[in-house]
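Here it is: the structure, laid out below.
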Amino acid sequence: MNKILSKPEALKDNPLSYCPGCGHGIIHRLIAEAIDELGIRERTIAVAPVGCAVFAYDYFNFDTTEAPHGRPPAVATGIKRTNPDKIVFTYQGDGDLAAIGTAETIHCANRGENITVIFVNNANYGMTGGQMAPTTLIGQVTETTPFGRDPLREGYPVKVSELLANLDGTKYIERVTVFDAPHVIQAKKAIKKAFQNQVEGKGYSFIEVISHCPVDWGKTPLESVKWVEEVFLKTFPLGVIKDTTK
Amino acid sequence: MNKILSKPEALKDNPLSYCPGCGHGIIHRLIAEAIDELGIRERTIAVAPVGCAVFAYDYFNFDTTEAPHGRPPAVATGIKRTNPDKIVFTYQGDGDLAAIGTAETIHCANRGENITVIFVNNANYGMTGGQMAPTTLIGQVTETTPFGRDPLREGYPVKVSELLANLDGTKYIERVTVFDAPHVIQAKKAIKKAFQNQVEGKGYSFIEVISHCPVDWGKTPLESVKWVEEVFLKTFPLGVIKDTTK
Amino acid sequence: MVKKLIKGNIALCEGALAAGLDAYFGYPITPQNEVPAYMSNKMVSLGKVFVQAESELAAANMVLGACATGKRSMTSSSSPGISLKQEAISYMAGMEIPGVIVNVQRGGPGLGNIAGSQADYFQAVKGGGHGDYRLIVFAPNCAQEMYEITYEAFDIAEKYRNPVMILCDGIIGQMMEPVEFNKEQKSSFSKKDWCLDGCKGREPRSVKSLLMKDGALEQHNLDLQKKYETIKNNEAKAELYHIEDAEIIIVSFGISSRISKNAIKQAREKGIKAGLIRPITLWPFPSEIIKKYAKPGIKFLSVELSLGQMIEDVKLAVNGVSSVDFLGRAGGGIVSDKEVLNKITELKK
Amino acid sequence: MVKKLIKGNIALCEGALAAGLDAYFGYPITPQNEVPAYMSNKMVSLGKVFVQAESELAAANMVLGACATGKRSMTSSSSPGISLKQEAISYMAGMEIPGVIVNVQRGGPGLGNIAGSQADYFQAVKGGGHGDYRLIVFAPNCAQEMYEITYEAFDIAEKYRNPVMILCDGIIGQMMEPVEFNKEQKSSFSKKDWCLDGCKGREPRSVKSLLMKDGALEQHNLDLQKKYETIKNNEAKAELYHIEDAEIIIVSFGISSRISKNAIKQAREKGIKAGLIRPITLWPFPSEIIKKYAKPGIKFLSVELSLGQMIEDVKLAVNGVSSVDFLGRAGGGIVSDKEVLNKITELKK
Amino acid sequence: MAKIIVNNNRCKGCGLCINACPKKCISFSDELNKIGYHYAVLKNENDCIGCGFCYQMCPDVCIEVFR
Amino acid sequence: MAKIIVNNNRCKGCGLCINACPKKCISFSDELNKIGYHYAVLKNENDCIGCGFCYQMCPDVCIEVFR
Amino acid sequence: MKIYNEIIIAGLGGQGVLLAGTILAQSALEQNLKTTWFPSYGAEMRGGTANSTVIISDEEIGSPIAFSPSGLIALNTLSLNKFLPRMIEDSSIIANSSMINSDEFKSDKRIKFIPISEIADKEIGNIKAANMVAVGALIKLMQVPDLENVKKAIQTAFSKKPALVEINIKAVNAGYNYK
Amino acid sequence: MKIYNEIIIAGLGGQGVLLAGTILAQSALEQNLKTTWFPSYGAEMRGGTANSTVIISDEEIGSPIAFSPSGLIALNTLSLNKFLPRMIEDSSIIANSSMINSDEFKSDKRIKFIPISEIADKEIGNIKAANMVAVGALIKLMQVPDLENVKKAIQTAFSKKPALVEINIKAVNAGYNYK
Ligand SMILES: Cc1ncc(C[n+]2csc(CCOP(=O)(O)OP(=O)(O)O)c2C)c(N)n1
Ligand SMILES: Cc1ncc(C[n+]2csc(CCOP(=O)(O)OP(=O)(O)O)c2C)c(N)n1
Ligand code: SF4
Ligand code: SF4
Ligand code: SF4
Ligand code: SF4
Ligand code: SF4
Ligand code: SF4
Ligand SMILES: [Mg+2]
Ligand SMILES: [Mg+2]
């Protein structure tokens with residue numbers, strides 16, 4: 001028997017500190033696999049967000065830095081513009097990318113920076129204990145929407161992928177999920193393509209990963225993946241939203 | 001003979017300090033007329049931007065305040081939420097609204113605040129001497145794009161109206177212009193409707209006014225209005241972009 | 001009156017609610033998450049305004065807007081978020097807007113950690129924003145004061161038309177203590193003669209900070225300065241403890257003042273005459289009080305959860321008359337009563 | 001060498017270019033608009049990086065990113081924009097990123113006006129952001145120094161892995177003076193042993209400020225503090241003028257130091273022994289130099305374009321040994337040599 | 001019958017009214033006003049139809065239209 | 001023939017692998033591991049087809065698949 | 001006699017260590033003592049362990065953080081390992097023998113091992129009541145706060161869920177009376 | 001003799017007052033004098049007037065802003081009104097009689113009226129050269145900087161547009177030689 005699947009080289013040995021069942025771990029692995037397969041580990045620089053994945057730099061086995069909450073696109077711009085030969089990506093949660101970082105996200109996309117953005121949409125602020133995020137569903141109860149998100153008071157779930165598709169600077173946008181294995185495999189494909197695009201100089205690629213946050217959702221891991229499938233994806237349908245790289 | 005057209009009550013007597021031929025003056029007058037016609041002057045609170053129109057508070061004959069550069073939507077949210085009976089509007093340039101204020105603009109719109117936004121798109125930063133704005137056209141030479149805006153370096157003109165139309169919180173979005181009298185009259189209609197919507201509690205209304213900035217464009221007023229008609233509007237086509245108030 | 005066991009962060013909320021808060025605007029950040037969480041429930045239940053803003057920047061500017069209309073409004077955050085509010089704070093000071101800003105400090109610089117800290121003293125007191133301005137800065141040291149000071153903060157802010165900051169820390173915010181709700185419920189709105197409430201029956205008003213005419217901004221600054229002098233004369237507050245015969249005087253605020261007090265007790269038991277001046281207002285700083293006790297031979301000791309910030313104000317007050325030593329911990333470390341006692345003992349030698 | 005008549009803002013650009021600047025990130029604001037305008041032309045022509053960011057916040061974080069890879073990068077703005085950079089500045093300090101930040105100060109608080117000012121001293125020197133950190137702060141007082149100091153700033157920033165601020169003002173930025181380009185062109189990139197340039201042949205690196213493990217952040221702060229002590233010992237700089245026999249010593253930086261110098265000349269003509277200490281670095285503050293001249297009977301006078309900020313550091317240095325008086329103008333007002341002379345004369349009495 | 005009255009000392013001589021007038025009845029003054037501009041004047045009084053186009057285009061709100 | 005090896009002390013017992021296995025050949029251990037969780041164990045060795053679904057779903061990257 | 005106790009309650013997330021702490025603090029309050037409660041919070045808890053610190057004193061309390069803890073409830077092994085070295089000599093220590101191998105710690109005579117989880121599960125019928133069993137055991141050892149005040153505290157704390165009052169009191173009693 | 005002059009050049013936006021200032025400053029530099037130049041800038045200029053201040057001295061210069069101006073070029077009425085009251089007694093003042101009614105100011109004997117715009121328009125053939133006509137006139141009055149250095153300065157300033165050198169020198173001469 002041969003070992004056919006195991007921890008990719010682009011992940012360190014450190015155990016991940018995320019809550020049991022958390023989607024971040026899966027997404028980390030997919031990124032690491034894509035980077036290994038493209039042979040770009042030694043020239044990759046990652047920008048970690050402020051969010052649960054701030055600890056990403058403990059796990060990724062390549063150069064990493066952090067950005068103030070919401071500012072990874074600006075930090076990545078600074079890195080990529082001065083180091084066009086490096087592979088630069090940001091890894092950001094929905095609070096980081098779509099709330100406080102809205103301006104940076106939109107303008108980085110609009111400038112068409114040749115970077116890869118991995119956007120982890122888990123419908124709340126994980127790290128701070130489960131407050132409303134821009135992506136929180138209508139009616140969803142969170143720490144700061146105790147009566148459920150009411151669009152008249154708190155607005156509507158922001159569909160970042162669709163929004164960014166309007167900008168001429170964006171080249172490839174796909175929404176994927178990791179609630180079951182087939183979708184994980186599809187997510188991997190999308191992530192790999194998003195890096196491949198950068199390697200080929202094709203420009204800004206954005207992957208929205210619908211993920212699960214069992215602890216702050218107050219659900220077990222199994223309930224969580226079920227909720228993704230049955231509820232979450234209704235508001236955020238999967239698929240390629242834009243692809244001008246072909 | 002009767003006086004059929006003259007300075008509206010909602011404008012003070014102070015002479016305007018804008019450059020000769022500047023579009024801001026026309027737009028100020030249209031707002032004032034709309035406010036007079038709706039009889040809401042005594043309950044209106046305006047939020048001035050940082051931009052040439054920061055001086056708006058010297059000209060509008062009703063309560064006004066200022067906001068840090070880009071933050072009028074947040075200031076307006078604070079005012080309107082605590083004073084739902086007041087008529088609140090922001091008046092913002094393209095730098096203010098679409099660059100530094102992107103996050104505030106998008107989230108105010110997404111929350112569907114019941115306010116009116118007058119967005120003056122003059123394709124550059126007027127007040128600071130004509131630098132590139134998010135709306136600057138491709139190839140346009142500005143203080144900070146001496147070689148013309150190159151989309152590969154500086155990104156593409158941002159079409160804010162189209163972008164905001166994607167958000168469920170926005171109710172009425174129209175792009176108008178003031179380069180000639182018939183269009184001024186149309187602009188007035190749109191502006192008035194945007195206030196009327198607020199009076200009726202219909203929600204977030206957004207009017208993008210394509211305006212001219214002769215001085216920073218390095219053009220005479222006449223050349224400027226001609227450039228609007230012949231060049232500027234090619235990138236920013238006029239019309240109702242969204243209307244769910246009917 | 002019965003006491004309720006609640007977190008400092010919740011006591012703060014209750015103080016604001018009792019003061020007639022009209023609107024809360026915030027953004028999540030540890031260790032102040034209890035505030036937006038509690039307010040999202042309370043304010044909505046009371047038919048008042050709660051908005052989770054898109055950022056700290058937006059939250060501060062929402063407060064600016066609400067307060068410009070005379071409403072009572074507050075925002076809270078922790079260190080990195082407070083850095084983001086600096087532009088709005090400078091505007092509020094310039095526009096004379098009586099907003100209340102709460103900083104539940106954590107370890108810095110940068111992302112740092114989420115432990116309690118007092119390393120934002122300079123930012124709060126000297127002006128983290130641009131220009132010559134001052135915030136009135138309160139430093140509660142227990143849950144009861146979180147309640148009472150917040151309650152008073154709105155009145156003082158409005159009295160002087162000046163933003164107020166409540167500078168506490170992760171420890172005071174997270175700890176529970178018994179709190180007595182000893183304040184009367186205030187009604188929210190009192191007509192103010194400068195605020196924006198529609199120009200019906202009066203001239204239009206403008207609340208702003210831009211003053212371009214020759215000399216206008218300088219005059220405004222001089223007017224502000226005059227106001228600051230008044231505040232300095234009226235509002236500087238400190239708690240004194242075992243001070244009259246003290247040979248070693250600790251100056252310490254917030255959580256570290258409590259630890260210092262314990263150390264002083266222990267020192268007294270050992271026969272060392274130690275005492276405490278606890279600034280309750282950090283600006284205006286109780287310099288006059290400190291000056292009064294500064295005598296040759298008397299030793300001052302500034303105890304802070306930072307690497308030495310307030311000590312500068314202590315030195316400025318003492319003006320070379322007494323020695324001023326420092327004891328502090330950095331980056332979320334917390335000073336223990338033993339450390340303080342050791343330092344006192346050392347100074348005694 | 002021929003001198004070229006250029007604006008202070010342009011001299012600054014030329015200094016950065018000569019230092020081998022790799023990337024400029026900025027956002028328009030008066031009175032520093034010449035910087036992005038000039039850089040948009042020069043950097044692009046040189047095949048280097050110019051980005052007009054969407055905001056000052058973004059610009060500062062772009063610098064953070066570029067410098068994390070060992071490149072030389074700079075951002076510039078004026079007071080309100082600098083307030084917006086405070087979070088990023090605190091991060092840079094915590095991450096030990098050698099970015100260069102320029103503040104061409106204008107009148108505050110709030111939107112204020114666009115005249116020159118020195119009222120952001122506290123913000124620059126005491127830390128406008130959160131946490132215990134320090135910027136190295138330079139205060140050029142002429143176009144030549146705008147060139148030379150900016151040129152040096154990058155080396156010093158990298159030597160200590162610490163952000164550097166150049167604190168000038170609208171007057172220094174806007175005025176033209178003859179400048180001699182007396183520095184050699186540096187090449188941009190020198191390999192640094194901490195920066196992110198891909199982990200080929202080495203362990204991956206991480207540049208960050210989050211330190212959650214017990215005690216880690218405190219240790220980091222203590223390490224920073226040690227570095228700051230070294231900087232204090234090595235880098236404090238001041239210009240002395242007519243100081244040896246001076247009975248009245250003016251302390252003044254930037255544009256106001258030049259006016260003070262003129263007043264001192266006039267005072268000397270009248271037989272009054274006045275002198276000047278001009279801090280060239282505001283942090284580290286040249287306290288030791290000031291202390292050296294502080295003697296009973298000597299009178300210090302802090303002259304600033306603010307309502308009194310640096311005076312605190314002068315007082316701390318003097319520590320009660322000499323008197324310290326103040327002369328300043330607020331909100332964009334500028335002090336005249338006559339005002340300074342009058343004050344000197346008054347002190348002489 | 002129609003006419004316009006221009007507030008001479010507010011006018012900045014931008015010429016947008018002149019450009020807008022369908023009857024070409026406005027032109028610039030020969031003299032400068034207090035703020036240093038050649039201001040707009042209704043030259044051909046009889047041609048004015050009171051359409052208000054000049055008013056609509058004036059950025060300085062210095063025109064009154066009578067009809 | 002196929003099998004998986006679970007890194008016991010990394011496993012947080014989330015159960016996502018168990019849920020994902022088409023052959024239902026993984027279950028929880030009875031004992032707790034060092035970090036306090038009932039970890040995943042391959043119970044029905046013979047049923048494993050080496051499809052890797054368990055690997056794909058494991059957030060803690062504790063599964064190796066052999067075939 | 002001067003009353004001054006620093007108590008740490010530690011265990012896995014979900015074992016109710018924060019609540020147990022507030023009940024202890026509330027009991028002290030009912031007894032007219034000074035008290036503070038301080039939790040572990042935020043991302044600290046991501047690791048899966050949690051703790052809270054309660055200080056009970058008859059004088060004003062300085063730090064709510066324990067520098068010289070004299071009371072400990074350790075519901076799992078990690079917690080006992082972490083906090084045992086910090087305890088002062090004369091400490092009251094309750095350890096959950098249902099989850100901790102008492103053999104590993106038998107050299108430390110201060111530790112009282114009680115099968116807390118078992119008692120909760122079997123005697124009380126709810127594993128979630130383990131925290132209250134531990135509280136009962138601890139106050140028996142420490143002699144402060146009084147059992148009566150703990151019961152009052154439970155009544156106050158669960159005033160909105162009266163169904164829970166009884167079971168929690170039962171749990172406290174079980175811990176208190178465990179021999 | 002000590003050289004110290006604070007010169008203000010003021011007029012409408014577009015009249016080249018900033019450029020005229022830089023030429024004066026450059027001339028001083030050519031003459032090995034110390035000099036500073038300071039403009040009105042930003043939204044200040046929205047009103048339509050602009051000015052620049054040049055200081056020329058043989059010693060280090062303090063403030064680049066004029067506290068005691070001794071030289072003035074006023075190209076329009078507004079500018080003359082604004083700056084005249086600030087001038088020291090012994091001042092050199094050039095006023096553009098093409099745009100300023102000299103009668104209104106005739107009580108002030110310091111002012112030398114010259115039809116600057118007219119000269120530029122008619123003699124030089126380019127109204128834009130008015131600023132240089134004024135510069136020529138001013139240095140004649142002030143006697144510093146030297147005419148030769150002004151010419152050198154023009155050569156330096158327009159080194160990239162040599163076509164403009166001649167016309168500007170012609171304008172300076174016209175102002176200098178105006179009787
Ligand atoms: C300026 C600033 N504001 C707020 C915070 C607190 N904070 C940390 S993480 C976070 C949100 C995380 O949510 P998200 O981006 O959705 O990531 P997740 O944890 O859900 O993966 C917030 C608000 C901070 N550290 N800095
Ligand atoms: C925080 C901050 N950044 C920058 C500025 C400088 N500034 C003033 S106005 C302006 C841009 C104005 O452009 P726009 O919003 O398009 O308005 P316009 O003048 O073109 O009408 C800028 C960048 C400022 N005052 N504050
Ligand atoms: S809080 Fe949610 S997103 Fe964060 S680690 Fe836990 S499960 Fe994952
Ligand atoms: S700069 Fe442009 S937008 Fe501003 S007032 Fe002048 S013409 Fe108008
Ligand atoms: S009203 Fe019409 S016709 Fe009369 S002047 Fe104006 S534009 Fe011309
Ligand atoms: S449009 Fe107005 S400002 Fe312009 S020329 Fe006509 S009247 Fe004058
Ligand atoms: S590889 Fe497939 S069959 Fe084997 S244990 Fe994993 S999921 Fe089950
Ligand atoms: S998915 Fe991974 S962490 Fe979860 S139970 Fe299976 S092996 Fe353990
Ligand atoms: Mg999230
Ligand atoms: Mg604009």
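Here is how names work: the chains are called A, B, and so on, in the same order as the sequence lines, proteins then strands, and each is numbered from 1. Scope of the values below: all heavy atoms of this structure, side chains included, with no hydrogens, waters or symmetry mates.
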What part of A:D58 is in contact with chain D, defined as an atom under 4.5 angstrom from a non-hydrogen atom: side chain, backbone, both or neither? side chain
Check each atom of D:S55 against the heavy atoms of chain A and say whether the ones under 4.5 Å are side chain, backbone, both or neither. side chain
What are the two closest heavy atoms between A:P68 and D:E87, and how far apart are they? CB-OE1, 3.4 Å
Which bit of A:V47 comes within less than 4.5 Å of chain D, counting heavy atoms only: side chain, backbone, both or neither?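 Neither part.
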If you count the non-hydrogen atoms of other residues, nucleotides and ligands that lie under 6.0 Å from CG in A:N14, is the total more than 12?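 Yes - once you tally the heavy atoms of other residues, nucleotides and ligands closer than 6.0 Å, there are more than 12.
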Looking only at non-hydrogen atoms, find the nearest pair between D:L196 and A:D63 and report the distance.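 Looks like CA-OD2, 3.4 Å.
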Side chain from CB out, backbone as N, CA, C, O: work out which of these in D:S206 comes under 4.5 Å of a heavy atom of chain A, or both, or neither.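 Answer is both: backbone and side chain atoms of D:S206 are under 4.5 Å from chain A.
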Which one, D:A88, D:S209, D:S90, D:C67, leads in non-hydrogen pairs under 4.5 Å with chain A? D:S209
The side-chain hydrogen bond (donor to acceptor under 3.5 Å, both in side chains) partners of D:N162 (sequence neighbours excluded) come to D:K227
Atom group of D:F50 that falls short of 4.5 Å from chain A, counting heavy atoms: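 For D:F50, the backbone is the part near chain A, not the side chain.
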Is it the case that the side chain of A:T65 and the backbone of D:V207 share a donor-acceptor pair, with hydrogens and angles ignored and the cut-off at 3.5 Å? yes
Would you find more than 12 non-hydrogen atoms of other residues, nucleotides or ligands less than 6.0 Å from A:K188 atom NZ? yes
Would you say that more than 12 heavy atoms from the other residues, nucleotides or ligands in this model lie under 6.0 Å from the CD of D:E184, or not?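 Not more than 12 within 6.0 Å, no.
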In short, A:E104 meets D:E54 closest at the heavy-atom pair CA-OE2, 3.2 Å
Mind checking which of residues 71-84 of chain A sit less than 4.5 Å from chain D, heavy atom to heavy atom?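 Within residues 71-84 of chain A, the residues under 4.5 Å from chain D are A:R71, A:A74, A:V75, A:T77, A:G78, A:I79, A:R81, A:T82, A:N83.
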Mind checking side-chain hydrogen bond (donor to acceptor under 3.5 Å, both in side chains) for A:H69 and listing every partner two or more places apart, or none if nothing turns up? A:D96, C:Y27
Does anything in residues 23-43 of chain A get under 4.5 Å of chain D by heavy atoms, and if so which residues?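 Under the 4.5 Å heavy-atom cut-off, A:R41, A:E42, A:R43 qualify.
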